[in-house]
Amino acid sequence: MKYVQLGNTDLKVSKVCLGCMGFGDASKGMHSWTLPYDESKKMIKYALDQGINFFDTAMAYQGGTSEIYLGKAIKEYANRADVVIATKFHGRTKEQIQQGITAKEHIETCLNNSLKRLQMDYVDLYILHAWDNLTPIEETLEALNEVVRQGKVRYIGVSNCYAWQIAKANEIAKRNGWAPFVSVQGHYNLIFREEEREMKPYCDLHNVALTPYSSLASGRLAKHPGESSKRMQEDTYAKGKYDATADADLKIIKRVEELSQKKNVSMTEISLAWLMNKVCSPIVGATKTSHIDGAVKATNLILSDDEMNYLEELYVPHALVGVMASNK
Ligand SMILES: NC(=O)c1ccc[n+]([C@@H]2O[C@H](COP(=O)([O-])OP(=O)(O)OC[C@H]3O[C@@H](n4cnc5c(N)ncnc54)[C@H](OP(=O)(O)O)[C@@H]3O)[C@@H](O)[C@H]2O)c1
């Protein structure tokens with residue numbers, strides 16, 4: 001396994017981050033295809049055995065059960081100090097604001113609940129899951145700085161935002177001596193490259209770590225066209241992100257397939273090796289141990305400039321989808 005520095009932090013993370021959205025109680029959240037605990041723990045142990053030390057979850061995943069499963073497995077199979085744990089929180093709802101709950105109270109409550117579910121006394125990376133348009137960023141940053149100061153959080157990150165939003169936030173943090181966002185978890189893969197317009201140049205310039213999600217387009221960049229799975233059939237959230245552009249995307253997926261045959265490697269390896277060239281550590285979801293093997297192998301695959309260009313040249317700009325479509 002290769003390890004890289006997470007942006008401007010002292011955290012060394014594996015070049016692959018294991019996404020834990022697929023681990024959790026399938027009856028408790030938005031996904032019907034998630035793995036129960038006994039299968040999830042095998043995946044987490046397998047990832048640890050391959051040298052993966054970086055894990056991403058969220059309070060929102062399957063009603064908190066993803067955090068519970070991750071925390072339990074880490075306790076059983078790893079030393080807390082040897083792993084880098086990222087979890088995410090959402091800003092207040094309109095109802096919570098009307099009830100008079102402050103941003104500080106909300107963040108403290110969310111974090112304490114996540115720590116309890118994870119059975120941990122700190123997280124390495126605490127991520128704002130989606131830009132919070134209901135709360136002035138100053139209030140969010142001050143509250144986050146406080147939990148960093150208390151030692152419950154080592155670093156903070158942000159997910160699903162525009163480059164101007166993190167640029168503004170980190171300028172405010174700098175002015176106030178508060179903890180800045182050190183990482184961005186955005187939607188970025190070979191068939192969705194909108195992060196290249198503004199976010200990637202911003203992050204490269206400031207050494208903010210890019211840790212993209214849906215690195216394999218929720219399976220589309222790992223499977224041969226037409227290949228299916230329980231998740232491919234049931235994941236309506238991913239369908240909402242990719243169905244509208246499926247025809248244009250298929251041309252790129254076919255190039256991934258073609259190159260994988262030429263180089264005698266899996267499609268996963270091609271897709272992830274491309275992304276690993278661009279970012280710090282992609283977040284990859286897995287429902288089988290063989291999926292983890294593919295991600296690990298990708299860390300050793302070198303693509304030439306011509307191969308990178310061949311994979312890139314058919315991309316056409318996409319409208320924003322998923323969480324970013326509602327960042328208004
Ligand atoms: N911040 C956010 O808003 C946000 C949003 C989404 C996700 N995330 C994070 O990012 C992580 C990954 O996202 P994701 O699950 O959408 O995307 P992904 O990594 O693009 O896709 C994972 C899926 O790809 C398939 N796959 C992986 N390796 C494969 C292989 N070798 N062969 C065939 N299929 C393979 C599996 O599909 P099957 O299970 O169908 O076989 C797996 O479930 C999540 O777990 C979560 O931590 C964050």
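In listed order, ligands and their atoms are each counted from 1.
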### Task
From the options Glu227, Lys223, Met232, select the one whose nearest heavy atom is closest to atom 38 (P) of ligand 1.
Lys223
### N/O donor-acceptor pair under 3.5 Å between Ser260 side chain and Glu257 backbone
yes
### Task
Starting from atom 17 (O) of ligand 1, locate the nearest protein heavy atom and write down its residue, its atom name and how far away it is, to 0.1 Å.
Ser214 CA, 3.2 Å
## Note on the structure
Note: ligand 1 atoms sitting under 4.0 Å from heavy atoms of Asn160 are 1 (N), 2 (C), 3 (O)
### Message
With a 4.0 Å cut-off on heavy atoms, is Gly294 in contact with ligand 1?
### Response
no
## Note on the structure
When distances are taken from atom 44 (C) of ligand 1, the protein heavy atom at minimum range is Met21 CB, 3.5 Å
### Task
Mark yes when over 12 heavy atoms from residues, nucleotides or ligands other than Lys297 sit less than 6.0 Å from its NZ; otherwise mark no.
no
### Task
Provide the number and element of each atom of ligand 1 under 4.0 Å from a heavy atom of Gly19.
11 (C), 44 (C), 45 (O), 47 (O)
### Task
Just jot down the ligand 1 atoms closer than 4.0 angstrom to any heavy atom of His129, in number order.
1 (N), 2 (C), 3 (O)
### Query
When Tyr69 is tested against each of Phe55, Tyr37, Phe23 for ring-ring contact (aromatic ring centres under 6.0 Å, His included), which residue passes?
Tyr37
### Message
Starting from atom 6 (C) of ligand 1, what is the nearest protein heavy atom, named by residue and atom, and what distance separates them?
### Response
Tyr213 CD1, 3.3 Å
### Query
So, Lys15 side chain and Met276 main chain: donor-acceptor pair closer than 3.5 Å or not?
yes
#### Entry: Check ion pair Lys230-Glu234 (N to O, under 4.0 angstrom)
yes
### Query
Have Asp10 and Tyr155 got a donor and an acceptor in their side chains that come within less than 3.5 Å?
yes
### Task
Please write down residue, atom name and distance for the protein heavy atom closest to atom 29 (C) of ligand 1.
His291 CD2, 3.2 Å
### Task
Tell me which protein heavy atom sits closest to atom 11 (C) of ligand 1, plus the residue, atom name and distance to 0.1 Å.
Ile283 CG2, 3.5 Å
#### Entry: Contact partition for Ala217 relative to ligand 1, non-hydrogen atoms under 4.0 Å
backbone
### Message
In terms of relative ring orientation, are His129 and His90 parallel, tilted or perpendicular, with 30° and 60° separating the classes?
### Response
parallel
### Query
Taking it one step at a time, do Lys75 and Gln119 satisfy side-chain hydrogen bond (donor to acceptor under 3.5 Å, both in side chains)?
CA-CA 8 Å; Lys75 201 161 192 176; Gln119 300 186 62; 3.3 Å; yes
### Query
Could an N or O of ligand 1 be found under 3.5 Å from any N or O of Gly285, whether backbone or side chain?
yes
### Message
Is any side-chain heavy atom of Glu194 closer than 4.5 Å to one of Tyr315?
### Response
yes
#### Entry: Numbered atoms of ligand 1 (with element) below 4.0 Å of Thr268, judged on heavy atoms
29 (C), 30 (C), 31 (N), 32 (N)
### Query
Counting only heavy atoms not in Lys263, do more than 12 sit closer than 6.0 Å to its NZ atom?
yes
### Task
Would you mind running through ligand 1 and noting each atom that sits below 4.0 Å from a heavy atom of Ser229?
38 (P), 40 (O), 41 (O)
### For ligand 1, the portion of Ser159 having any non-hydrogen atom under 4.0 Å away
side chain
#### Entry: Protein heavy atom at shortest distance from atom 14 (P) of ligand 1
Arg231 NH2, 3.5 Å
### Query
Should the ring pair Tyr188 and Trp274 be called parallel, tilted or perpendicular, given that the plane angle runs from 0 to 90° and is split at 30 and 60?
perpendicular
### Query
Is the shortest heavy-atom distance from the side chain of His291 to the side chain of Leu216 under 4.5 Å?
no
### Task
State whether the side chain of Ser14 and the backbone N or O of Tyr3 hold a donor-acceptor pair below 3.5 Å, judged by distance alone.
no
### Task
Give the atoms of ligand 1, by number and element, whose distance to some non-hydrogen atom of Lys88 is under 4.0 Å.
1 (N)
### Ring geometry between Tyr162 and Trp164 (parallel below 30°, tilted from 30 to 60°, perpendicular above 60°)
parallel
### Query
Looking only at protein heavy atoms, which one is nearest to atom 20 (O) of ligand 1, and how far off is it?
Leu216 N, 2.6 Å
### Query
Do ligand 1 and Thr57 have nitrogen or oxygen atoms that lie under 3.5 Å from each other?
no
### Query
Quick one: which ligand 1 atoms are inside 4.0 Å of a heavy atom on Tyr61?
4 (C), 8 (N), 9 (C), 46 (C), 47 (O), 48 (C)
### Query
Would you say Ala286 and ligand 1 have an N/O pair spaced under 3.5 Å apart?
no
### Task
Show which atoms of ligand 1 fall inside a sub-4.0 Å distance from at least one heavy-atom site of Cys20.
45 (O), 47 (O)
### Task
Starting from atom 25 (C) of ligand 1, locate the nearest protein heavy atom and write down its residue, its atom name and how far away it is, to 0.1 Å.
Gly219 CA, 3.6 Å
### Task
Answer yes or no: does an N/O atom from Thr287 fall short of 3.5 Å to an N/O atom of ligand 1?
yes
